[in-house]
Amino acid sequence: MAVRPLHSEDELRYQDRVARLRAEVAERSAGRLGYLHVPDMMGYGWAQLHRDLARETAKDGLLLDVRGNRVGHTSQLVVEKLARRVIGWDLPRHGAPATYPEQAPRGPVVTLADERSGSDGDVVTAAIKRLGVGPVVGTRTWGGVIGIDSRYRLVDGTLVTQPRYATWFDDVGWTMENHGVDPDVEVVVTPQDRAAGRDPQLDRAIEIAMARLDEHPPARPPDLAGRPSVARPALPGRPGGGDRHHIA
């Protein structure tokens with residue numbers, strides 16, 4: 001048997017961690033809460049979000065985890081997805097009901113952020129708070145939102161960067177830079193927690209989401225028994241000919 005080793009085990013460890021957290025959230029919420037982790041705001045994070053988006057937003061509530069979220073530029077797309085609100089339902093024949101707009105959260109959304117949520121991870125956290133998507137649990141984010149260009153190289157291979165893209169929000173102004181985004185509910189993970197495998201931020205987020213589910217029940221598809229009759233009235237007869245009736 002020939003074994004080809006991986007260049008890195010980071011991806012396997014990451015997917016294992018996400019799977020464990022998702023299973024824990026499902027178990028502790030009796031299957032009512034979904035879990036999504038977005039590792040960055042680039043193509044990889046966008047793809048990771050969509051791996052599980054449809055399944056996890058079909059739950060009653062949702063935990064969005066942007067802890068450790070690295071640089072990128074897709075925060076607007078992520079916020080657009082999570083800020084959707086269910087205003088209707090698509091009801092296919094012989095199929096499961098789907099929300100309109102599709103993949104919209106059906107109930108409360110609680111976001112987890114920490115000191116390693118930086119750059120567009122800062123921005124997505126600020127946008128979630130500003131738009132009222134749901135409470136943010138964790139610690140203050142990293143505080144580095146001025147983007148750089150990395151296109152200048154010297155003859156010796158040195159890369160030269162320059163600050164180029166600043167961010168301003170109408171509620172916090174310029175204060176994200178060098179400060180970060182403050183959570184709505186501060187929960188610190190201590191070294192002792194990490195050594196023991198505890199995640200008090202996740203614990204608190206589950207607690208808040210379940211309480212919000214009791215206060216604000218999730219959207220449910222309509223009862224099909226309440227539909228109006230689909231029978232149609234008979235069509236009028238054709239002039240000079242026998243009556244023709246529409247068969248419903």
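We're numbering straight along the sequence, starting at 1. These numbers come from a predicted model, not from an experiment.
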Asks: Please name all residues satisfying side-chain contact (heavy atoms from CB on, under 4.5 Å) with R194, sequence neighbours left out, ordered by chain then number.
Replies: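 For R194, the residues satisfying side-chain contact (heavy atoms from CB on, under 4.5 Å) (neighbours in sequence not counted) are E115, V189.
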Asks: About how many Å separate CG of L112 and CG of N69, when rounded to the nearest 0.5 Å?
Replies: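 Here the interatomic distance stands at 12.5 Å.
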Asks: So, using side-chain hydrogen bond (donor to acceptor under 3.5 Å, both in side chains) as the criterion, who are the partners of N178 when residues are at least two apart?
Replies: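 Not a single residue meets the side-chain hydrogen bond (donor to acceptor under 3.5 Å, both in side chains) criterion with N178.
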Asks: Please check if any side-chain donor atom of Q15 sits under 3.5 Å from a side-chain acceptor atom of E11, or the reverse.
Replies: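 Side-chain D/A pair, Q15 to E11: present.
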Asks: Under the ring pair (Phe, Tyr, Trp, His ring centres under 6.0 Å) rule, collect the residues that match up with H216, sequence neighbours excluded.
Replies: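 For H216, no residue satisfies ring pair (Phe, Tyr, Trp, His ring centres under 6.0 Å) once neighbours in sequence are set aside.
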Asks: What residues form a ring pair (Phe, Tyr, Trp, His ring centres under 6.0 Å) with Y165, not counting sequence neighbours?
Replies: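 With sequence neighbours excluded, Y165 shows a ring pair (Phe, Tyr, Trp, His ring centres under 6.0 Å) to no residue whatsoever.
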Asks: Taking only residues two or more places apart in sequence, or in another chain, which ones meet W89 in a side-chain contact (heavy atoms from CB on, under 4.5 Å)?
Replies: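 Result, side-chain contact (heavy atoms from CB on, under 4.5 Å) vs W89: V86, L91, P97, T99, R106, A219, P221, P222.
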Asks: Mind checking what makes side-chain hydrogen bond (donor to acceptor under 3.5 Å, both in side chains) contact with E177, not counting sequence neighbours?
Replies: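 E177: no side-chain hydrogen bond (donor to acceptor under 3.5 Å, both in side chains) contacts found.
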Asks: Any ring pair (Phe, Tyr, Trp, His ring centres under 6.0 Å) involving residues 1-20? Give me the pairs, sequence neighbours left out, ordered by first then second residue.
Replies: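 Of all non-adjacent pairs touching residues 1-20, those that pass ring pair (Phe, Tyr, Trp, His ring centres under 6.0 Å) are Y14-H37.
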Asks: With sequence neighbours excluded, what pairs up with R198 under the side-chain hydrogen bond (donor to acceptor under 3.5 Å, both in side chains) test?
Replies: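 So R198 forms a side-chain hydrogen bond (donor to acceptor under 3.5 Å, both in side chains) with D193.
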Asks: Name each donor-acceptor pair under 3.5 Å that joins a side chain in residues 199-207 to protein atoms two or more places apart or in another chain, with its distance.
Replies:
from : atom 1 : to   : atom 2 : distance (Å)
D199 : OD1    : R67  : NH1    : 2.9
D199 : OD1    : Q201 : N      : 3.4
D199 : OD1    : L202 : N      : 3.1
D199 : OD2    : R67  : NH1    : 3.2
D199 : OD2    : R67  : NH2    : 3.1
Q201 : OE1    : R67  : NH1    : 3.0
Q201 : NE2    : V187 : O      : 2.8
D203 : OD1    : R28  : NH1    : 2.6
D203 : OD1    : R28  : NH2    : 3.3
R204 : NH1    : E207 : OE2    : 3.1

Asks: Run the side-chain hydrogen bond (donor to acceptor under 3.5 Å, both in side chains) test against D156 and tell me which residues pass, sequence neighbours left out.
Replies: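 D156 satisfies side-chain hydrogen bond (donor to acceptor under 3.5 Å, both in side chains) with T158 once adjacent residues are dropped.
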Asks: If the condition is side-chain contact (heavy atoms from CB on, under 4.5 Å), which residues does D52 pass it with, not counting sequence neighbours?
Replies: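 Partners of D52 by the side-chain contact (heavy atoms from CB on, under 4.5 Å) criterion, ordered by chain and then number, come out as R22, L36, Q48, R55, E56.
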Asks: Applying side-chain contact (heavy atoms from CB on, under 4.5 Å), name anything that partners L12, two or more places apart in sequence or on another chain.
Replies: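 Partners of L12 by the side-chain contact (heavy atoms from CB on, under 4.5 Å) criterion, ordered by chain and then number, come out as L6.
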